[in-house]
There are 2 protein chains.
Amino acid sequence: MPAAATRDQIVAAADRLFYHHGYEHTSFADIAGAVGLSRGNFYYHFKSKDAILDAVIDARLADTRRVLEQWEAEAPTPAGRIMRYVEIVLTNRADIQDYGCPVGTLTTELAKLEHSMLGQAGRLFALFRAWLREQFALLGPADQADELAMHVLAFSQGVAVMANAFHDEAFIRREVDRMRDWLSTYEK
Amino acid sequence: MPAAATRDQIVAAADRLFYHHGYEHTSFADIAGAVGLSRGNFYYHFKSKDAILDAVIDARLADTRRVLEQWEAEAPTPAGRIMRYVEIVLTNRADIQDYGCPVGTLTTELAKLEHSMLGQAGRLFALFRAWLREQFALLGPADQADELAMHVLAFSQGVAVMANAFHDEAFIRREVDRMRDWLSTYEK
DNA sequence: GACCTCGTAGGACGACTGTCCTAGAGCGCC
DNA sequence: GGCGCTCTAGGACAGTCGTCCTACGAGGTC
């Protein structure tokens with residue numbers, strides 16, 4: 001198999017395992033087993049575990065940009081786009097109840113490990129933040145846009161942590177409804 | 001030194017290390033170094049690492065009960081008591097920015113490890129949830145009390161994750177103010 | 001002084017970690 | 001057929017992990 005395809009498989013498997021079991025708890029052997037390669041062979045594709053994490057974050061950044069573009073194409077109004085973001089906690093409720101938010105849990109873990117890639121992971125949050133800020137700037141006063149973006153991010157993280165802790169789907173729905181009501185007060 | 005005192009020291013050190021660096025990332029050697037004991041000696045006090053975690057959670061449960069009682073003694077109104085909870089993200093802002101919420105991050109980590117002690121850690125959340133529910137039941141309709149308790153818990157977790165990711169104290173203050181305004185609409 | 005219990009130090013144990021090296025299989029190109 | 005490149009398997013390596021055992025020193029009791 002060409003190296004690029006194998007590399008993509010490794011990144012995809014590592015992405016899933018990092019999300020499900022955490023970065024530190026995922027070993028080379030785990031990733032190797034998931035891809036079907038020998039452990040020692042990894043050095044040919046990635047020179048370290050950190051390099052895999054870097055590639056996973058890059059892949060997530062690319063995926064996120066693609067999703068944001070899609071939301072912009074599908075939802076005509078800023079409020080509709082923001083609701084797309086809010087509703088991911090509902091769309092991905094099964095995964096979130098099992099594993100939490102992929103961005104939030106990774107950032108939290110890397111912060112505790114004092115890991116050098118923490119800044120890279122922070123770019124995922126920053127990407128959502130900037131996009132939400134843009135949408136809110138179209139909705140109302142520009143000097144509040146960033147605060148409101150942070151508020152929506154905090155909403156999603158709070159819901160994710162609680163949904164993961166209590167496995168309560170009705171709770172997720174209620175919080176999304178609450179957010180929808182709140183957002184409608186800002187709608188032009 | 002008597003065994004009980006050493007045991008307390010181990011639990012206190014483990015509590016701090018689990019919070020700062022995570023459960024899995026904290027080794028016996030780390031705790032031993034913090035307490036000033038030899039690694040092998042731990043088996044005399046705890047038969048496994050899980051047993052230490054169990055003791056840490058028990059200690060946190062006891063601490064939490066004590067704090068909740070204190071809040072009840074100090075704040076005369078239910079709304080005032082709820083605000084005591086809301087304001088812990090401000091009171092503990094330094095730690096939260098560095099390490100997140102002790103309860104939320106532990107629960108998130110144990111969920112990813114599929115750790116048998118996850119249920120024990122969940123009791124910490126349940127304790128806050130039940131206490132907040134009681135306060136809300138005094139404030140308004142009893143059938144909404146649990147939903148509102150969950151909403152306040154989600155608030156604190158969202159703020160903690162974001163504060164940890166962005167190290168933004170002004171954000172914490174804004175969110176607490178927002179929560180105060182929201183809570184005042186429920187006040188009798 | 002002899003004894004016993006409590007608490008401790010130090011190290012052995014097997015398993016596992018991330019890293020790194022080496023040999024070789026497979027395949028296209030001259 | 002022979003060469004060279006790409007990709008892989010397998011294992012060595014030093015280190016750390018949680019666990020567990022044994023020997024011993026301190027302190028109180030008979």
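Chain identifiers are assigned alphabetically (A, B, ...) following the order of the sequence lines, protein sequences preceding nucleic acid strands; residue numbering begins at 1 within each chain.
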Exercise. Taking atom types as modelled, find out whether Asp181(A) and Ser184(A) have a side-chain donor-acceptor pair closer than 3.5 angstrom.
Key: no
Quiz item: Is it true that the side chains of Asn41(B) and Ser38(B) contain a donor and an acceptor less than 3.5 Å apart?
Solution: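 Ser38(B) and Asn41(B) do not have a side-chain donor-acceptor pair below 3.5 Å.
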Self-check item: Pairs satisfying salt bridge (Lys or Arg N to Asp or Glu O under 4.0 Å), at least one member in residues 100-117 of chain B, at least two apart
Solution: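 Sorted pair list comes back empty.
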Quiz item: Do any pairs count as a salt bridge (Lys or Arg N to Asp or Glu O under 4.0 Å) and have a residue in residues 34-58 of chain B, sequence neighbours left out, and if so which ones?
Solution: none
Exercise. Report the distance from atom CG of Asn164(A) to atom OG1 of Thr107(B), rounding to the nearest 0.5 Å.
Key: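 Here the interatomic distance stands at 8.0 Å.
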Is a salt bridge present between [X] and [Y], judged by a nitrogen-to-oxygen distance below 4.0 Å?
| X | Y | value |
| --- | --- | --- |
| Glu169(B) | Arg173(B) | yes |
| Asp63(A) | Arg60(A) | no |
| Arg178(B) | Glu175(B) | yes |
| Asp177(B) | Arg174(B) | no |

Practice problem: Please confirm whether the backbone N or O of Phe171(B) pairs with a side-chain atom of Asp168(B), one donor and one acceptor, at under 3.5 Å? | Solution: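 Judged by distance alone, yes, a pair lies under 3.5 Å.
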Exercise. Please round to 10 degrees the angle between the axis of the first five pairs and the axis of the last five pairs in the helix from dG1(C)-dC30(D) to dC30(C)-dG1(D).
Key: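 If I round to tens, the end axes sit 30° apart.
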Quiz item: Quick one, which residues of residues 44-60 of chain A touch DNA chain D with a heavy atom under 4.0 Å?
Solution: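 Heavy-atom contacts with DNA chain D come from Tyr44(A), His45(A).
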Quiz prompt | Residues in contact with DNA chain D, drawn from residues 18-28 of chain B - heavy-atom cutoff 4.0 Å | solution =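 Within this stretch, Thr26(B), Ser27(B), Phe28(B) sit under 4.0 Å of the strand.
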Self-check item: Tyr44(B) six-ring face occupied by Arg7(B) cation (under 6.0 Å, within 45°)
Solution: no
Exercise. Determine whether Ile52(B) and His45(B) make a side-chain contact, defined as any pair of heavy atoms from C-beta on separated by less than 4.5 Å.
Key: no
To the nearest Å, give me how far apart [atom1] ([X]) and [atom2] ([N]) are.
| X | N | atom1 | atom2 | result |
| --- | --- | --- | --- | --- |
| Arg7(B) | dC6(C) | CZ | C1' | 16 Å |
| Phe42(A) | dA9(D) | CZ | P | 10 Å |
| Asp30(B) | dC17(D) | CG | P | 6 Å |
| Tyr43(B) | dA9(C) | OH | C1' | 17 Å |

Quiz item: Would you say Thr6(B) reaches dG7(C)'s phosphate, i.e. side-chain N/O to OP1/OP2 under 4.0 Å?
Solution: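 So the side-chain polar atoms of Thr6(B) never come under 4.0 Å of the phosphate oxygens OP1 or OP2 of dG7(C).
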Quiz item: Can we call the ring centroids of Tyr99(B) and His21(B) under 6.0 Å apart?
Solution: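 Between His21(B) and Tyr99(B), which both carry aromatic rings, the centre distance is not below 6.0 Å.
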Under 3.5 Å, N/O pairs linking protein and nucleotides 10-13 of chain C:
residue, atom, partner, partner atom, Å
dA12(C), N6, Arg39(B), NH2, 3.3

